[in-house]
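Report on the following structure.
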Amino acid sequence: MIAIPKSATAEQRAAAEKLGREFGITVSTLDTNPVCCVWLELRGWRPNPGTDGYIILHQAGGTLITASSQQQLDAAVERFIRSSRKRDGRREVPVGLMTSYEVVK
């Protein structure tokens, strides 16, 4: 399942539906993240000065896609789709972290 908050905008829903079409998964609106699905959300987190961005945390039991703006949410959905591959008729995504931010090691 792909889920978005009940308060999601039409643009957020469109991003979720795009992901749903690519993966053949339905989109639901929920009060909170059930942590057993692909959860898309916008966060009001944008430091000043700073840059917009996104974080994708994908594990076998659930995925969190969070972004600081609609543009970044759309970019995160595109990256999640591009990172997938088809295997035995189903799409799969590598487990791990994807982000538009620089990763410090």
Side-chain angles (χ1 to χ4, degrees):
M1 169 176 62
I2 296 171
I4 55 176
K6 285 186 176 179
S7 61
T9 65
E11 291 84 6
Q12 286 173 270
R13 182 162 194 76
E17 288 174 352
K18 179 177 185 171
L19 189 58
R21 281 190 304 276
E22 290 290 330
F23 283 79
I25 302 173
T26 59
V27 176
S28 298
T29 55
L30 303 171
D31 289 322
T32 60
N33 181 356
V35 300
C36 61
C37 65
V38 178
W39 178 258
L40 277 79
E41 66 182 9
L42 282 178
R43 289 282 190 184
W45 186 78
R46 185 175 183 196
N48 187 10
T51 58
D52 282 338
Y54 63 80
I55 297 171
I56 304 168
L57 180 56
H58 177 64
Q59 298 184 48
T63 303
L64 173 65
I65 301 176
T66 185
S68 59
S69 69
Q70 184 62 50
Q71 180 182 9
Q72 290 300 314
L73 185 62
D74 292 340
V77 166
E78 286 294 328
R79 182 156 180 202
F80 193 73
I81 292 168
R82 283 192 323 270
S83 72
S84 70
R85 68 177 182 161
K86 279 197 175 181
R87 184 172 145 189
D88 298 327
R90 298 184 66 190
R91 285 203 186 250
E92 55 184 35
V93 178
V95 171
L97 172 72
M98 293 177 263
T99 182
S100 61
Y101 295 108
E102 181 179 344
V103 177
V104 180
K105 293 183 180 188

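Separation of atoms CD1 (I55) and CE (M98) is listed at 12.0 Å; rounding is to 0.5 Å. Note that the CG atom of L97 and the CD1 atom of I56 stand 8.5 Å from one another [nearest 0.5 Å]. To the nearest 0.5 Å, atoms CD (Q59) and CG (L64) are separated by 10.0 Å. Atom-to-atom distance recorded for K6:NZ and T32:OG1 is 9.5 Å, nearest 0.5 angstrom. Put simply, CE on M1 and OG1 on T26 are 7.5 Å apart, with the number rounded to the nearest 0.5 Å. The distance from atom CD1 of I2 to atom CH2 of W39, rounded to the nearest 0.5 Å, is 12.5 Å.
The shortest heavy-atom contact between S84 and I81 is OG-O, 2.6 Å. Between L30 and A3, the closest heavy-atom pair is CD1-CB, 3.7 Å. Smallest separation of non-hydrogen atoms from D52 and Y101: C-OH, 3.5 Å. Minimum interatomic distance between T9 and Q70 (heavy atoms only, all atoms of both residues): OG1-OE1, 4.0 Å. Shown here for R79 and S100, the closest heavy-atom pair between the two residues is NH1-N, 4.3 Å. Nearest heavy-atom pair, V27 versus A16, reported as atom, atom and distance to 0.1 Å: CG2-O, 3.5 Å.
The ring pair (Phe, Tyr, Trp, His ring centres under 6.0 Å) check on F80 picks up F23, H58, with sequence neighbours excluded. In terms of the side-chain hydrogen bond (donor to acceptor under 3.5 Å, both in side chains) criterion, residue partners of R85 (sequence neighbours excluded) are, by chain and number, E92.
Side chain of S68 to backbone of G53: a donor-acceptor contact under 3.5 angstrom is found. R91 places a side-chain N or O within donor-acceptor distance of the main-chain N or O of E22, the cut-off being under 3.5 Å. Although no hydrogens or angles enter the test, the distance criterion places a donor-acceptor pair under 3.5 Å between the side chain of T99 and the main chain of Y54.
A continuous path of hydrophobic side-chain contacts links V93 to V77 [ILVMFWY only; heavy atoms under 4.5 Å].
You'll find the side chain of L19 reaches within 4.5 Å of the side chain of I65, heavy atoms only. Counting only heavy atoms from C-beta outward, the side chains of L42 and E11 never approach each other to under 4.5 Å. Contact of the L40 side chain with the Q12 side chain is not registered, since no non-hydrogen atoms from C-beta on lie closer than 4.5 Å.
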